[in-house]
Structures are given as structure tokens and as C-alpha cells.
Amino acid sequence: MLQGLQGDADPTELVQKLVDPLLHSISLNKLKKANINSLGQVENKTWSRSQAAYLAKKLQDLKQLQQYGRLHSILQGVSCNMIEKVADSDMQNVSQAITENPQWLSKVLAGCAARKLFATLEKERINYFKTITGDELNKIPTSLLLHLPPSKVQDLPDAVCSVFLDKMEVANLSSLALRAPSRPALTKRALLCLGKNVSKLTTEDVSRLGLLLCELSPSHLRLMAPDVLNSTLLAMAYCKFIPQNQRAELVYLVKETFGDPSYWTSETMEALGALLILDDNATSALPNKPWMKDILYFLKSRLSHDSDALKKKMFDLTTNTTTTTTTTTKSNAARKRRGANTIGIINVAPTVDMIENLGMENVYWTAAHLNMMSNDTFLTCVETLGAIPGYNTDQLSVLIKKATEAFGPVSQMNESTVIQLGCITQGFSSSDLMKLPFSLDSLEKIAHCGWNESQMAVVWKVVAKRNNLTAQQLGAADIVVLNQFICGLNSSEIGSLNKEAFRDAVGSMNGIHCSFKVTEQLKNLAVSAFGDPSTWTEADVSDLGNIIAGLNPNELAALDPSVFSFVSETCIQVIPPANFAALSVAQLEALGPDNAAMVTTEQKAALKSDQRAALESSETGTRAQAQASVQSGAPSVSVEGISAIMK
């Protein structure tokens, strides 16, 4: 659609008139050709991150970036370097403005803005935070106050406790690194501000902690009065994040307080189940009660990420409650993992209702179960089954057999059948794949099914031959549709791709992930299209996605540190450890909490001690605070330490 529109309108007109879904498809290449000379042309639109990064730099050059309150989605493209250039006299107003749009405030930007604001305030007078007044504390945006270093949180005077607690009660912790030392420090200060022994706290007292109650350790919770503990655990069921190292003990405390979940009512499960499913073993052990499936569906809707254990439990409950109520918990636990030859549910074939209800959880059927499915059921549900990535070899073998029984031999399958089969087509042999009528348009739907590169090479050959295409002829829209299957092009074909088309397409390719060998070839194309990596901007790096993983050690080391928080999270873990070790301390510090959390054990092992320290400071969000903490002599703070103090 965009390619068609570009024939009748220039980039400036497109920027002004397109709705958001199409707006996201405008490449950096085209955006640069638009005549953007004011913030008014681009505000109140939802831009992608790479577009936002380009526009932030453009507005900075136009000297219009200081109107932070009007940036909205462009805020996600603002870099730490830009914040550093804000005049001290403007920093209070800028801090207020950027926190008015919290949905666009990243952990990195919040951390940079907070450090700049705190440094500015401390220039006003010595020991600013030791002598801060309630009015002064109130002026600091809450989402930035959360980043106050532990030593300074500890220094806050008792006189500001009322204001501090008011702020913590409504604080959104999403802009704070999950491992930030400020989390336990803020929790400790809030508890001290309540001015009571933990055993004397009331439910109303605990509510003043806001989301900081999610940081309380089980050993700390045990100090509470029984009625307060009950209400606190019920409140914690709404926490979006519980520290990983506290989850098992917290689940044990829930069981200890409310009894064995096997005997819970549906009301208790609805109220506390979100805590219970933090633990995979507890999730697997849930009883197969008639109402359990509905409760878990309700709880699942509140989760940002559901575990494999929860998905498998949903599968078990759906298949059990639909077919039989006599299967015991013991027999459920004895089932083999999916893909095994043993049938967990005796003599039960997948039905249409089961398959449609399960959706993506159909991946848990064993090959033996799938083999029991009737042809009519397969034909009715083929699109649901075909939408699922991640089938194992045994499952695919059965599904391919079902496909040929339902649609006839491969040579008789038409394009409509191929589209219906979706991810199931992975199960065909290379010789059979050569016979399937793949079209270029059909590839987008099956791009992320989990194809290996030899299969993708075969599919690309079929598409090229059927459509009389060469790699050199592919336009931007074609490359976007090709998507993951670009991994199937050989080095010669990748090198022959049109650079202009590649520049226009790469930002819309949704995180393609190829082998390192192919990623390296795509990187070579990126260098010829975007220039030397040392010149790449935040916008370029964001646009290129996982292709950044193809850079060699020298190229990685040449990237400007400011771009590293714009590197895709999925890219971090696929950079070879030896190459990752080429990153400087400054580059590692600039990764930001979310990217640093993606670093693998193997990558960490390749780093030197100073690099590991930099990575740690990035993950905890303490960049540029380490030295200050050392100088202040402030002790490290842990939630367990709070417990000891309050005792």
C-alpha cells in the first residue's frame, strides 16, 4: 500500500497524512527525504523507535527538542547524550515534561534524566538530599526519584517522610531496572518512614508502600500480624514483578498461610493464584477441578508472560475436563513430555472443540494423540494447527501424514492448501517442498515457523522459479514479505539485493534471525547500504535489528556507545562471545538494563573483570553511580537487611 501511495505523494505529504500503521512502514530513507522543519509536523503521531530516534536528532538540529512535553512517542528516540546537553537551568522543567508521557519513558532515559537532575540539584547546595524539604522533594518527578542512589535515599530526612510515602504509594516502578539497588533502598526508607515495628503495621500502613510491597521478602512478611499478612499476600497477587530469588519461598509462605492449594475454593484460587503460578512445580501440581481452567484463563490475562508450565497445565485441564473427570493428579504428573510415544490421556483423540479452545497450546499434543485425530477434524482445524510454530519432528511427521490423507499427494496441493497448512509445511522433505506452489505473498505467514536454513533455501528457490524472480529484482515490499526467508539466499544473491530496496525494507523485517554466516553477509550488505558502522546512528542501529550481530569485533568496537541502548534485545544474545568481548567498558555501560539482562553466560565468561563490572552497572541501572557510592562509603542494601533492621 505504501509503495503505491509513494507514486502519488511525496514523503512530506505521507508523513503528515498517513495513519499510524502505515506511518510505521515509512523507512528512514524516505523519512530523511521529507521536508520536516518543525515539531508541529510530527507530534501527536505514534512513531516506531528507529523513526523516533531519527526525528529526535532532527529536532535537536532544528533546536526544537527542548519542547519535551510535546514529543510524545518521539521521546523513545531521545538519547542520553541529548539529555546531557540540557542546560542546568532547564533540567527541572525537562524532567517534568518527559515524565508526563510515562509509556514512552524507557529505563535508560529515566536513569539518564534522573542522574542529570540530581547532579543539577546538588550544585545548588552541599548535601542537597540530606537537607531537602518536602516542597523540594515534591518537585522531583516520582519516576525519576526512584533512581535516587541508595546512599542518598538513606540520607533523606525524616521531615520529608509524608511526601516520600505519598510518592511511593502511587509510584510506577516500570522505569526502574529490575535489579536496581534503589528498589530495596526505597523499600527500607518507606518502612522506616512508617515509624513502626513491622509486627505493628496495619493494612493501611502497608498500602502506603504502593508497589514497593512487591519487593518485600518472605522472611520480612513473616514478621507481620496474621491479618495484615493475609491482606498483604492478597495485594501482592497483583504485583507485575516479584524478585526471582524470592518466588519459591513466597509460594511456600502462601501455602503455609492459606493451606494446601488442592483444597482451595475457586474464590481463593482467583485471589491468590497469580502468586502460586510463579512456581512451575506449584503450577503443575494444581488439581484438575472443573473450575480451574476458567480461573487460570483469567489469571493468564493478567500476566505479561506465561510460563511453559502454565501452558502445559492449561493443555492438561482442557483435554481432561473435556473428556473425563476421573483422571487423578497422580496420573497427570506421570504423563510423558510432549513428543513422547506414550499417550498421557488414554484413548482420547483431539476433537474440534479441544483444538479450537487450545489455540497455541495444541503444541503439547503427543505424536500418538495427533495420529488419533480424524481426517474431518484435521480439515476443520487445519488453519489453527498450521498457525503453531515449534512442533517437533515426530509431531510434524504425523501432521504431514494427515495433510496428504486430507488433501492428496504433494503434487496435487494448490496455493490455498499451502497457506492453510502454514507451519505444518515444515514437515515436508526437501524434495516435496520443491513441488509445493509457494508464492512470495504466502511466505509472510510462515516466516517465523522455525525453518532451518536449508529448508528456507529450497523454499526461496521454489518462489524464485515460480515467479520468474531473481534476488536483484526484489523491491522493498518483496524483501519485507520474504522476511525470515532472506536467510535462504546464498551469499551471491544477498550481495546482489538492491541497496535502495534493502534500506527501505530492513526496518519492517520484524527481527529476522539467521545463522551467523548469513547474518555476516547481511551485515556486509548493511555496510554498503548504510555506510561504515562507526557512522551508524541510534536510528540506523534500531532499524537494522539482529543484523548488528553480524559485525566483527573491530566493527562492534567502532560503534558509538550512545547507540547501544538502541540495539535490539533479541540481537544481544546472538552476538558470538568472542566478538562480544570486543566491547569497551563505555559501550557495555550504555547497553541499558533490558539489553544487559539478555547477555548470556558464555558472553559474560568472555569478558574481563572491568567489562563485567560495567555490564553489572548497566543491568542494575547504576551507571555513573558506582564511584559516588564508593566515595560515600554507603553500605549495600538488601531486602533481607531490612528484615534484620526491623526486627
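Here Phe566 pairs with nothing under the ring pair (Phe, Tyr, Trp, His ring centres under 6.0 Å) rule; sequence neighbours left out. For Lys300, the salt bridge (Lys or Arg N to Asp or Glu O under 4.0 Å) criterion is met by Asp306, Glu361, not counting sequence neighbours.
For Tyr252, the OH atom is loosely surrounded, since the number of other residues' heavy atoms within 6.0 Å does not exceed 12. Around OH of Tyr238, the count of heavy atoms belonging to other residues, nucleotides or ligands within 6.0 Å does not exceed 12. Lys517 NZ: 12 or fewer foreign heavy atoms inside a 6.0 Å radius. Residue-environment remark: NE2 (His24) exceeds the threshold of 12 foreign heavy atoms within 6.0 Å.
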Derivation and outcome, salt bridge (Lys or Arg N to Asp or Glu O under 4.0 Å), residues Glu538 and Arg49: CA-CA 9 Å; Glu538 291 87 347; Arg49 196 175 187 206; over 6 Å; no
Side chain to side chain contact (heavy atoms under 4.5 Å, CB included) between Ile446 and Gln426, worked out: CA-CA 9 Å; Ile446 59 173; Gln426 290 175 94; over 6 Å; no
Derivation and outcome, side-chain hydrogen bond (donor to acceptor under 3.5 Å, both in side chains), residues Asp260 and Ser262: CA-CA 5 Å; Asp260 186 342; Ser262 298; 3.2 Å; yes
Evaluation steps, side-chain hydrogen bond (donor to acceptor under 3.5 Å, both in side chains), between Glu415 and Ser442: CA-CA 8 Å; Glu415 186 178 336; Ser442 70; 5.3 Å; no
Stepwise side chain to side chain contact (heavy atoms under 4.5 Å, CB included) check, Leu286 with Lys313: CA-CA 8 Å; Leu286 286 171; Lys313 190 65 188 180; 3.8 Å; yes
Working for side chain to side chain contact (heavy atoms under 4.5 Å, CB included), residues Ile572 and Val567: CA-CA 8 Å; Ile572 299 295; Val567 172; 3.8 Å; yes
Trace of the side chain to side chain contact (heavy atoms under 4.5 Å, CB included) decision for Leu221 with Met224: CA-CA 6 Å; Leu221 295 168; Met224 294 178 172; 4.0 Å; yes
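Leu588 CG to Asn595 CG: the interatomic distance, rounded to the nearest 0.5 Å, is 11.0 Å. Interatomic distance, CG of Leu223 versus CG of Leu216, reported as 10.5 Å (0.5 Å rounding). In this structure, the separation between CG on Leu146 and CG on Asn172 is 8.5 Å, given to the nearest 0.5 Å. The NE2 atom of His369 lies 11.5 Å from the CD atom of Gln395; values are rounded to the nearest 0.5 Å. Rounding to the nearest 0.5 Å places CZ of Phe241 at 10.0 Å from CG of Leu173. Of the inter-residue distances, the one linking Gln76 atom CD with Ser106 atom OG reads 9.0 Å to the nearest 0.5 angstrom.
Side chain of Trp460 to main chain of Leu482: no donor-acceptor pair is present (N/O by atom type, distance under 3.5 Å, no hydrogens or angles). A donor-acceptor contact shorter than 3.5 Å links the side chain of Ser301 to the backbone of Phe298. Asp279 places no side-chain N or O within 3.5 Å of a backbone atom of Leu276 that could act as its donor or acceptor partner. No donor-acceptor pair closer than 3.5 Å links the side chain of Ser618 to the backbone N or O of Ala614. Checked by atom type and distance alone, the side chain of Thr600 never pairs as donor or acceptor with a backbone atom of Gln573 at under 3.5 Å. Looking only at distances, a side-chain donor or acceptor of Trp264 sits under 3.5 Å from a matching main-chain atom of Gly259. Under a 3.5 Å cut-off, the side chain of Glu569 and the backbone N or O of Met598 do not form any donor-acceptor pair. Side chain of Arg179 to main chain of Glu619: no donor-acceptor pair is present (N/O by atom type, distance under 3.5 Å, no hydrogens or angles). With hydrogens and angles ignored, the 3.5 Å screen pairs a side-chain donor or acceptor of His147 with a backbone N or O of Ser175. Side-chain atoms of Thr425 come within 3.5 Å of backbone atoms of Gly422 as a donor-acceptor pair (strictly under, hydrogens ignored).
The shortest distance between side-chain heavy atoms of Leu433 and Trp451 falls below 4.5 Å. Looking at Met413 and Thr404, their side chains come closer than 4.5 Å, going by heavy atoms from C-beta outward. Inter-residue side-chain proximity for Trp365 and Met373 is flagged as unmet; no heavy-atom pair is nearer than 4.5 Å. When side chains are defined from C-beta on, Ile548 does not count as touching Phe564, because their heavy atoms never get closer than 4.5 Å. Put simply, the side chain of Leu310 reaches to within 4.5 Å of the side chain of Leu303, judged on heavy atoms. When side chains are defined from C-beta on, Asp280 counts as touching Ser307, because their heavy atoms get closer than 4.5 Å. Looking only at side-chain heavy atoms (C-beta outward), Ile355 and Val352 stay at 4.5 Å or farther from each other. Side-chain contact between Leu105 and Ser143: present, with at least one pair of heavy atoms (C-beta onward) separated by less than 4.5 Å.
In terms of heavy-atom proximity, Asn579 sits nearest to Leu556 at O-CD1, 3.6 Å. Listed here is the closest heavy atom pair of Arg222 and Glu249: NE-OE2, 4.2 Å. In plain terms, the two heavy atoms of Pro576 and Ala549 that are nearest each other are CD-O, 3.9 Å. Residues Leu385 and Tyr391 approach most closely at O-OH, 2.8 Å, considering heavy atoms. Annotation for Arg302 and Glu270: closest pair NH1-O, 4.1 Å, computed over non-hydrogen atoms. Minimum heavy-atom separation, Ser25 to Ser508: CA-OG, 4.1 Å.
With hydrogens and angles left out, the side-chain atoms of Ser454 and Asn452 include a donor and acceptor closer than 3.5 Å. Using a 3.5 Å distance cut-off with no hydrogens or angles, the side chains of Thr377 and Thr380 do not pair a donor with an acceptor.
Ring orientation note: the planes of Phe315 and Tyr364 are tilted relative to one another, at an angle of 30° to 60°.
Under the side chain to side chain contact (heavy atoms under 4.5 Å, CB included) rule, Ser515 has a single partner from Gln521, Glu520, Glu453, which is Glu453. Here the rule is side chain to side chain contact (heavy atoms under 4.5 Å, CB included) with Ile486, and of Val506, Val480, Ile512 only Ile512 fits it.
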